[in-house]
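Proteins come first, then strands; the chains are lettered A, B, ... in the order of their sequence lines, and each starts at number 1.
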Amino acid sequence: MSELSATVMNLARRDAQDKLRGRTKYTNDRIRPDMLHAVLLRSTVPAGRIRKLDVSAALRCPGVRAVATGADAPGLYGIGIADHPLLAIETIRYHGEPIAVIAAETEKQARAALAAIMLEVEPLAPVFTMAEALQPAARLVHEGWRGYEVITEGGARAGNIAWEARSSRGDVDAAFARPDIRIVESSFTVGRQSHVPFEPRVAIGSWEDGRAHIQTSTQVPWTVRNVTGRVMQLAPGHVRVTVPPVGGGFGLKFDASIEPITALLARMTGRTVVLENTRQEEMATCLCRENAEIRIRSAVTAEGYIAGREAVVLMDCGAYGGEQVFLTTMTAHTLGGNYKVGAMRLVSRAVYTNTPPNGAFRACNGVYNTFALERHTDEICDALGFDPMEFRKKNVLGDGDLGATGQVFEADVLGPMLDRMEALRASTGTSEAKADGRLYGIATTVGTWFVFVGPSAATVNLNADGSATLVTSGVEIGSGTMVQSLPQIVAGQLGLAPDQVIVREADTDAAGLDVGVGGGRTTVSIGAASVAACAEVREKLLRTAGEMLQTRPQDLVLRDGRVEITGRPGSGMSIPAVVAHAQATTGPITGSGAFAARNAPAMAGCAMGHFIDALDIPVFVVHEAEVAVDPDTGHVEVLAYRVVQDVGRALNPRAILGQIQGGVVQGLGYALHEEVTLTADGHIAQDDFETYRLPLAQDVVPVAADLYEGAPSMGPLGTKGAGEVPILAVGAAIGCAVARAIGKPVRQLPLTPPRVLRLLHEREPPPEFPHIAPGWASNTLG
Amino acid sequence: MVVTFQLNGEDCSFHGDPMTPLVDILRRERFLTGTKAVCREGFCGACTVHVDDEAVPSCLKPIGLVQGCAVTTIEGLSSGNQALHPLQASFEAIDAVQCGMCFPGMVMSLSAFMRDNPHASRPEIKAAMVGNICRCTGYERIVDAVADCLDQARKAGRLAGGIDV
Amino acid sequence: MAPGVERSFTAASTIEEALAARRQGAAVLAGGTWMMRDPRRGGELPEAVVALHRIPALSKVEIEPDHVVIGAAVTHAVLGRALHAAVGFEGLVGAAENAANPGIRRVATVGGNLCVLDFAAADLAPALLVCEATVELETFEGAKLLGISDFLKDRHTLLAEAIVTRIHLGRDLVASAHIRLPLRKAGDYPVAIVSIGVDKDKRCRIAVGSVEPVARRWTALEQAMRASPASALDPERAAELALEHNDFQGRDGKEAEGWYRRQVLPSLVKRGIAALLKTGGLAWL
């Protein structure tokens with residue numbers, strides 16, 4: 001049908017000109033002189049008990065209009081479990097934790113008044129690492145963990161284990177006991193990654209007609225709405241969230257953080273209040289991709305059949321559970337993905353520590369689990385003498401194969417994608433000559449990720465001028481969905497040009513629930529809701545036109561802004577004429593649509609403590625990297641990078657290629673440059689652009705990419721999210737390529753020059769996890 | 001202290017602390033929010049403006065040092081209904097923009113670079129971008145756009161005096 | 001700064017005026033690229049500053065057949081352009097053209113680079129050590145000339161009562177090279193720097209920056225190379241000597257530990273000698 005040809009195109013971005021001219025008003029461009037400025041008093045110790053907090057002197061400082069503490073917003077929030085206060089209440093759990101907030105006429109006055117807050121803290125011995133947190137006698141980061149409200153049932157919890165998810169399929173003990181197998185065991189450790197959106201977290205709160213209105217730079221307007229209501233204990237529906245263009249998110253803005261504070265201060269002062277993290281605050285309290293520790297063992301036959309696999313994954317959630325509680329789920333689908341495995345059991349634990357809380361970051365735990373799985377796969381190949389490419393071709397998931405939770409995968413996707421990678425390599429050639437005497441390595445890796453579906457709503461109003469207005473809670477964070485794929489989809493459904501589709505920016509008062517922009521879900525979930533809304537619009541439009549044209553609606557089509565009789569181009573009448581008639585007779589033409597996850601089934605009893613038992617829309621990637629390693633300095637140069645990505649259907653191929661280039665480069669940062677460490681007092685050491693090394697133009701190469709279409713997807717027109725997944729297998733491809741180049745096992749990221757040189761000189765100790773018990777079951781709460 | 005300077009072609013005076021960073025005056029007093037204050041330490045380039053035709057970070061420029069200078073911001077590069085600068089047009093045509101926050105600084109840095117280096121190679125373009133960070137795009141399209149733009153300028157014979165900014 | 005106090009800002013037109021302000025307690029403002037970062041780190045800006053950019057003598061590079069004079073307020077970008085064609089100064093040009101990033105290089109000055117205390121990774125310091133530069137200071141007691149090495153060692157006390165005004169360089173080098181090792185291709189401060197120069201007698205001068213808190217000459221290696229002049233300009237041999245005479249104590253930092261900084265020095269020496277061999281100045285030797 002022409003629906004597809006009317007939808008697929010390399011549509012340009014409608015927001016590009018204003019962004020290029022500096023006219024786009026991001027949230028932090030909307031600060032006006034009449035607003036109050038809020039600044040936070042943050043903890044300078046990693047753990048402690050608040051003995052005294054007296055803000056009365058601060059209230060008397062020049063320009064100060066309000067001071068708030070945890071007592072003013074006592075509700076707790078969280079994902080899975082409500083463990084997180086807006087401002088510390090009694091206990092301090094990380095360096096940088098907000099304790100109080102001051103609103104004053106100017107930022108300078110607010111900052112000056114911080115010194116007048118009387119704060120006495122009794123320091124507690126901090127629990128910095130997961131190894132410390134898992135000691136039997138470890139101090140509890142949350143003494144009152146048992147008392148927290150459980151928002152989602154099902155996860156095992158105990159003490160410093162905020163959440164545990166397990167998956168178990170088949171008889172793993174029997175697989176490891178087989179006489180014809182060899183056991184390969186690997187351990188990996190990875191650090192945190194900071195998102196560094198150019199626009200930090202910032203919110204502008206006002207109190208309007210007895211309700212909070214927050215304008216903010218977020219990916220999740222409905223989460224901000226719900227968390228604000230929760231921590232302020234407001235009556236239902238008393239928060240409105242609107243979202244201007246967002247200056248980058250990458251998952252950092254997939255949770256609420258400072259936004260409710262502005263509503264609190266707005267209610268206290270009756271004024272509009274702005275709170276913006278400084279760059280140092282933003283980086284020191286970034287909800288990073290978590291540091292993690294992984295031990296994986298596999299039982300493999302001499303023929304290369306993976307009979308059994310078991311793994312323990314420890315994820316540092318920092319001081320509060322946050323996204324890591326949810327993300328424990330993903331281990332089953334990432335570390336448990338990619339390959340056919342006879343029997344498998346995996347446990348994934350989110351562990352509390354006295355460190356800044358972690359969060360969601362593009363392809364979340366998939367990035368390091370894919371690194372671990374692919375490096376482990378190469379170690380299997382080394383140990384058993386398999387060719388890594390042949391081993392992958394033989395073992396990747398195909399039609400009818402089972403995932404870790406017993407999900408049945410549909411269609412052969414990864415296998416044909418590996419073939420396509422070989423074809424791509426044949427067309428680009430390889431770059432070994434560029435190594436120029438340095439150590440050369442090439443590696444091909446695979447990855448499994450998903451589209452985070454979940455609920456979305458859309459309304460389409462068809463206007464008498466021939467335009468349509470799409471109203472959703474979608475947010476433009478830079479990925480282009482709101483300015484490219486969504487108007488393309490609506491235009492394709494209604495026979496319009498994309499520039500006739502107006503896309504409303506998110507306003508929780510205007511559009512229905514949406515779980516947010518992230519997880520590659522916008523084009524799929526909001527897109528599907530939009531298609532459903534368009535179906536209602538079409539139905540009304542064709543019914544009215546049918547009456548006007550004395551033709552059955554099923555004989556009519558929408559094309560080029562007209563309602564035409566099928567097969568007779570130019571017949572019928574213009575859409576505005578039909579809309580005008582409808583407005584005068586049956587009323588304006590609108591449609592609403594909704595979308596929800598399908599909740600694909602897992603095998604009974606296989607998944608415990610999971611938020612998602614099986615993947616509704618799996619997404620696969622094949623990544624290939626060529627590197628040269630300088631043996632004298634440890635510098636890794638990426639010589640070439642190739643991607644074959646499962647996109648379902650490419651609605652805007654040029655935009656997808658832009659996402660792939662950007663996502664791969666963020667992955668190169670993770671794999672090679674970006675390092676987060678903690679100081680002795682628990683502060684993130686790299687809190688600026690001097691020390692946190694983002695990839696620069698000279699550090700990157702053009703990514704050669706091939707979009708693989710046709711894998712099954714429940715997304716509209718068969719599409720899958722394409723923006724999240726390009727980062728997935730970069731750590732894996734670089735890790736494997738560097739290991740091959742230097743001839744040493746790579747078990748840690750990032751591969752900074754000092755780390756690579758230490759590996760070359762055998763000065764880098766392999767990761768050892770005394771806190772992970774040898775027996776798998778001893779690492780579970782049973 | 002009073003500091004007088006030219007801002008986007010008009011006389012402008014500032015009364016206040018001479019150590020105020022130029023970027024704060026642009027954003028907070030003149031509401032020229034196209035200049036972005038991202039790292040405030042000279043690493044990201046998002047606050048780049050032209051001071052006497054040189055591309056410099058406005059976060060590290062105390063206004064006292066701007067006395068008598070001519071400052072051009074992104075808003076002054078192609079104002080009102082004026083056509084886009086050729087580089088802006090290249091960025092748009094190639095679908096380079098994502099979140100967009102680094103682009104005003106990219107445009108200010110690279111427009112001056114193109115003017116001074118009309119024959120720049122791809123590696124030279126990348127070397128000129130060491131102080132302009134982009135977290136979204138992975139850079140290559142930005143480099144493509146600069147290379148295209150220089151190419152077009154050469155073909156159009158606008159070589160002699162470089163490219164106008 | 002106390003509320004209500006107006007900051008004093010002097011754009012000096014002469015060295016005397018600058019010195020007078022300095023006597024009153026004003027801090028010297030050069031390009032501002034360091035001072036303006038202080039508030040981000042909880043530091044306060046000084047209550048009084050004196051800017052040097054309007055003093056003509058401090059903003060020019062004078063190139064004579066036998067010497068070069070660089071004003072302290074000359075920016076990295078201007079210095080790089082001015083010396084681009086001057087044989088023997090390839091290392092200094094490399095330092096000026098690759099430090100930090102292009103925007104910073106258009107603002108940051110020679111004087112600022114040398115006067116920031118506790119900045120171990122300054123690019124100009126090892127390059128000027130190789131040039132055996134002389135630093136001219138204007139002190140409360142009058143002008144003073146000081147070797148760059150002594151200046152770097154004692155600048156903490158010297159700068160309490162002086163302003164750096166000019167850098168004087170002889171022209172006895174026939175070639176030089178500046179090898180810096182950031183962790184990315186560029187854009188971060190180098191974790192180690194080796195600057196090398198060679199005079200017409202093929203005698204090498206080598207200085208190392210960023211490895212120890214203050215840049216210094218690698219005297220042990222210079223002497224070893226002099227002892228076997230036949231192999232002085234052989235990159236592999238020089239690297240071997242560097243390994244043998246590595247007397248540096250690497251400093252630990254967030255970005256790299258001392259071991260790494262020290263470990264990479266021989267390969268930077270190798271690159272430095274290789275770069276020297278590609279210069280025009282060595283061709284006729």
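- Most heavy-atom pairs under 4.5 Å with chain B: of the set Pro197(A), Ala12(A), Gly247(A), this distinction falls to Gly247(A).
- For the pair Asn28(A) and Arg27(B), the tightest heavy-atom approach, listed with the atom from each and the gap, is O-NH2, 2.9 Å.
- Within 6.0 Å of CD on Gln82(B) lie more than 12 heavy atoms contributed by other residues, nucleotides or ligands.
- Here the closest heavy-atom approach between residue Met101(B) and residue Tyr26(A) is recorded as N-OH, 3.5 Å.
- Relative to the six-membered ring of Phe31(B), Arg32(A) meets both conditions, a distance below 6.0 Å and an angle of at most 45° to the axis.
- In this structure the side chain of Val700(A) reaches within 4.5 angstrom of the side chain of Lys126(B), judged on heavy atoms.
- Scanning for salt bridge (charged side-chain N to carboxylate O under 4.0 Å, His left out) contacts around Glu92(B) gives an empty result, with sequence neighbours left out.
- When each of Ala46(B), Pro123(B), Ala127(B), Ala128(B) is checked for heavy-atom pairs under 4.5 Å with chain A, Ala127(B) comes out on top.
- Note that the NZ atom of Lys19(A) and the SG atom of Cys99(B) stand 6.0 Å from one another [nearest 0.5 Å].
- With rounding to the nearest 0.5 Å, the separation of CD1 in Ile125(B) from CD in Gln698(A) is 12.0 Å.
- Between Arg21(A) and Ser78(B), the closest side-chain pair of non-hydrogen atoms falls below 4.5 Å.
- Contact of the Arg13(A) side chain with the Asp95(B) side chain is registered, since non-hydrogen atoms from C-beta on lie closer than 4.5 Å.
- Taking 4.5 Å as the heavy-atom cut-off, the residues of residues 65-74 of chain B that approach chain A are Ile74(B), ordered by number.
- If you measure heavy-atom distances from Leu657(A) to chain B, the contacts under 4.5 Å come from both the backbone and the side chain.
- No hydrogens or angles considered: nothing links the side chains of Gln17(A) and Gln88(B) as a donor-acceptor pair under 3.5 Å.
- For Glu276(A), no part lies near chain B; criterion is any non-hydrogen pair under 4.5 Å.
- The parts of Gln659(A) that come within reach of chain B are both its backbone and its side chain, each placing non-hydrogen atoms under 4.5 angstrom from that chain.
- Counting heavy atoms from C-beta outward, Arg40(B) and Gln280(A) have side chains that stay 4.5 Å or more apart.
- Considering only heavy-atom pairs separated by less than 4.5 Å from chain B, the leading option among Arg23(A), Arg279(A), Glu282(A), Arg654(A) is Arg654(A).
- Among the candidates Lys25(A), Arg30(A), Gln666(A), the residue making the largest number of heavy-atom pairs closer than 4.5 Å to chain B is Gln666(A).
- Atom CD of Gln661(A) sits about 8.5 Å away from atom CG of Asp144(B), to the nearest 0.5 Å.
- Across every non-hydrogen atom of Leu20(A) and Phe103(B), the tightest pair is CD2-CD2, 3.7 Å.
- Proximity of Glu140(B) to Val665(A): side-chain heavy atoms (C-beta onward) are nowhere separated by under 4.5 Å.
- Checking side-chain atoms of Tyr139(B) against main-chain N and O of Pro695(A) turns up a donor-acceptor pair under 3.5 Å.
- Between Lys36(B) and Asp29(A), at least one side-chain N (NZ, or NE/NH1/NH2) sits under 4.0 Å from a carboxylate O, which counts as a salt bridge.
- For the atom pair Phe198(A) CZ and Cys44(B) SG, the distance stands at 5.0 Å (nearest 0.5 Å).
- For a residue to count as touching a neighbouring chain, one of its non-hydrogen atoms must lie under 4.5 Å from one of that chain's; by this rule Val107(B) touches chain A with the side chain only.
- Pro104(B) approaches Gly22(A) most closely through the heavy-atom pair CG-CA, 4.0 Å.
- Of the residues considered (Cys136(B), Gly34(B), Gly131(B)), Cys136(B) shows the highest number of contacts with chain A, using heavy-atom pairs under 4.5 Å.
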